[in-house]
S.K.: 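Take this structure first; my questions come after.
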Amino acid sequence: MKRIHSKGVMELEDGEKCMLAGWLQEVRNLGGIAFLKVRDRTGVFQVVVVKKEVGEDFDHIVNIPRESVVIVEGKKQATDQTDFGYEILPTSIRVESEAGKPLPLGVVDKVDAEMGTRYDNRFLDLRKEEKRYIFELRGLLLGGLRDFFLGEDFIEINTPKIGASGAEGGATLFKVDYYGKEAYLAQSPQLYKQILMSAGFERVFEIAPAYRAEDFDTIRHTSEFISLDFEMSFIDSSDDVMDMTSYMVEHALNYVVEHGAEMLDKLDVDIAVPTHPFRKVPHYECIEILEDLGKEWEDEPRDVDTEGEKMLGEYMMENYDTELYFITEFPSELKKNTFYAMRKDYDPSLTTYFDLEYKGQELVSGGQREHRYDVLTAQMKELALDPEDFQSYLKAFKYGMPPHGGIGLGLDRFVQQMLDLDNIREGILFPRDTSRLEP
RNA sequence: GCCCUGGUAGUGUAGUGGCCCAUCAUGUGGCCCUGUCGAGGCCACGACCCGGGUUCAAAUCCCGGCCGGGGCGCCA
């Protein structure tokens, strides 16, 4: 007999034979009758075991440990005595894999577990329906993003994650031993995306891990994260990049709402899908807003720090009812490490760079890149970087490089903000941070 | 890197010097119960992160270590 899911039982006739399988969530033994709750990917079904009918097997059945994998054959019985509308009268219950006792983490216990316990036993943690929904929705978000890029004629690319040097300075790179040579894990596909602009690909995107060896310990950073990057050629200005970004976010969120409504409902998440164009607020104006709100700075130049981001997020919500907005025209002084950022012609103290903020948190960073070889190398020297060290990158600028720009988006942050998760790790199956390296 | 905070049964907690051979819940084991839906009732089991120190007395105070959680810097 072919196995069906709990959801599929609805379609069976009353009394029809079927086979189901899953994890034994709990046993309610009432003495003469017992109810087994078995969970599969689509939900939970109930198996009724009557002592008078199964005889001495009864004791064996009600003693199967919770979370064991069981295979149940039987027939559907319609009933109005359960929320499911049916239950299974079994002809056989086979324990395919018995769970040990006690569980290191209860899947349906009434007590919560701490994060450390949960992540040490992530396979059990993920058996909880609401945890799986997070990843189903994350998958939909990825689907929506890919759907958008295909529609916009982007090429999906894969660039190396091991290389000889990093995109921007060396302080935050993980060093690896590469056949005896010193190598680093990629912190960004930035330089490769740009090289592909020179190659004439015109529009590329990549969804891949990026690594930052920073010593951060926050609810919005991990050492390994999924970076969504796109790059496009022949733009007039960073406005083209912002337009593409806001259409992308709008499309992806729509996609999630369209395909994941039921799960969003169960997670009690209401996604407010924004519409293009998103509001653009120049950096200096953000500072003014924060000054008006009474923020004080200890250091100069004044920047939108974490506290400022949160204040700004609330301000934008209250005044413009928007969760997504760009902070534009970042001062060159604040983008010092970003040597490839194009500056404004009319005012080199400003860059064409922007951030996209989502509910008071940075989600995207991007802008127009400097494609003029001379200007680019001059900006490198300003930073005391030696162009000689970047020859394989710079070469691409010497033989025909179109004007271009793009962004990097933190996918895990997107998931976090979209679903209002307390911690970025909640949206990552097996997060890597300063202390966690397994599972 | 700086700052704050925590580590008590499998899980989550109470306990801030003697009232603690440690509270409660959940779990696990046993018994009762033929319609459970966080089932219920009765009984039992199970723990003070590690190492020093202070004290008549330490889960509790001090020092060091190890391991978490959070904030900031920074960033996606």
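This one's a predicted model, so the numbers in the text were calculated from it and none came from an experiment. Lettering follows sequence order; numbering is per chain, from 1. Computed from heavy atoms alone, side chains included, the values below leave out hydrogens, waters and symmetry copies.
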S.K.: Just to be sure I understand the rule, does A:D112 reach a base, reach only the sugar-phosphate, or reach nothing, if contact means heavy atoms closer than 4.0 Å?
M.R.: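 Sugar-phosphate contact only.
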S.K.: Can you tell me which residue among A:K101, A:R39, A:K128 is in a salt bridge (Lys or Arg N to Asp or Glu O under 4.0 Å) with A:E67?
M.R.: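 The passing option is A:R39.
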S.K.: Any N or O donor-acceptor pair linking the side chain of A:E309 to the base of B:rC75 at under 3.5 Å?
M.R.: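 Yes, a donor-acceptor pair under 3.5 Å.
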S.K.: Whole angstroms only, please: what is the CD-P distance between A:Q46 and B:rC37?
M.R.: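 It is 11 Å, rounded to the nearest whole Å.
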S.K.: By the 4.0 Å heavy-atom rule, please label A:Q25 as base, sugar-phosphate, or nothing.
M.R.: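 Nothing: the residue A:Q25, judged by heavy atoms under 4.0 Å, touches no strand.
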S.K.: Polar pairs (N or O, both sides) under 3.5 Å between protein and nucleotides 46-49 of chain B?
M.R.:
none

S.K.: In terms of ring plane angle, is the pair A:F149 and A:F205 parallel, tilted or perpendicular, where the classes change at 30° and 60°?
M.R.: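 It falls in the parallel class, under 30°.
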S.K.: Do any N or O atoms of the protein come closer than 3.5 Å to N or O atoms of nucleotides 68-71 of chain B, and which pairs are they?
M.R.:
from   : atom 1 : to     : atom 2 : distance (Å)
B:rG70 : OP1    : A:N423 : ND2    : 2.6
B:rG71 : OP2    : A:I219 : N      : 3.4

S.K.: Check the distance between B:rG10's C1' and A:D125's CG and give it to me in whole angstrom.
M.R.: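 The distance from CG of A:D125 to C1' of B:rG10 comes to 16 Å, rounded to the nearest Å.
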S.K.: Which part of the nucleic acid does A:L105 contact within heavy-atom distance under 4.0 Å: base, sugar-phosphate only, or nothing?
M.R.: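 Counting heavy atoms under 4.0 Å across all strands, no contact is made by A:L105.
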S.K.: Establish whether the base of B:rU34 is bridged to the side chain of A:K52 by a donor-acceptor pair shorter than 3.5 Å.
M.R.: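 Donor-acceptor pair under 3.5 Å: yes.
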S.K.: Kindly state whether the pair A:F216 / B:rG73 counts as stacked, where counting means centroids closer than 5.5 Å and planes tilted less than 30° apart.
M.R.: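 A:F216 ring does not meet the centre or angle cut-off for B:rG73; no stack.
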S.K.: Tell me which nucleotide, if any, is Watson-Crick or G-U wobble paired with B:rG1 when both distances must be under 3.5 Å.
M.R.: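 Paired with B:rG1, as far as the under-3.5 Å criterion goes, is B:rC72.
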S.K.: NA contact type, A:K37, heavy-atom cut-off 4.0 Å: base, sugar-phosphate, or nothing?
M.R.: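 Base contact.
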S.K.: Do A:K75 and A:E16 sit within salt-bridge range, that is, some charged N less than 4.0 Å from a carboxylate O?
M.R.: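 No, this pair does not count.
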S.K.: With A:E357 as reference, evaluate A:E362, A:Q417, A:E323 under the side-chain contact (heavy atoms from CB on, under 4.5 Å) test and give the passing residue.
M.R.: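 That would be A:E362; it is the only one of A:E362, A:Q417, A:E323 passing the side-chain contact (heavy atoms from CB on, under 4.5 Å) with A:E357.
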S.K.: Would you list the protein and nucleotides 40-44 of chain B atom pairs, both N or O, that sit under 3.5 Å from each other?
M.R.:
none

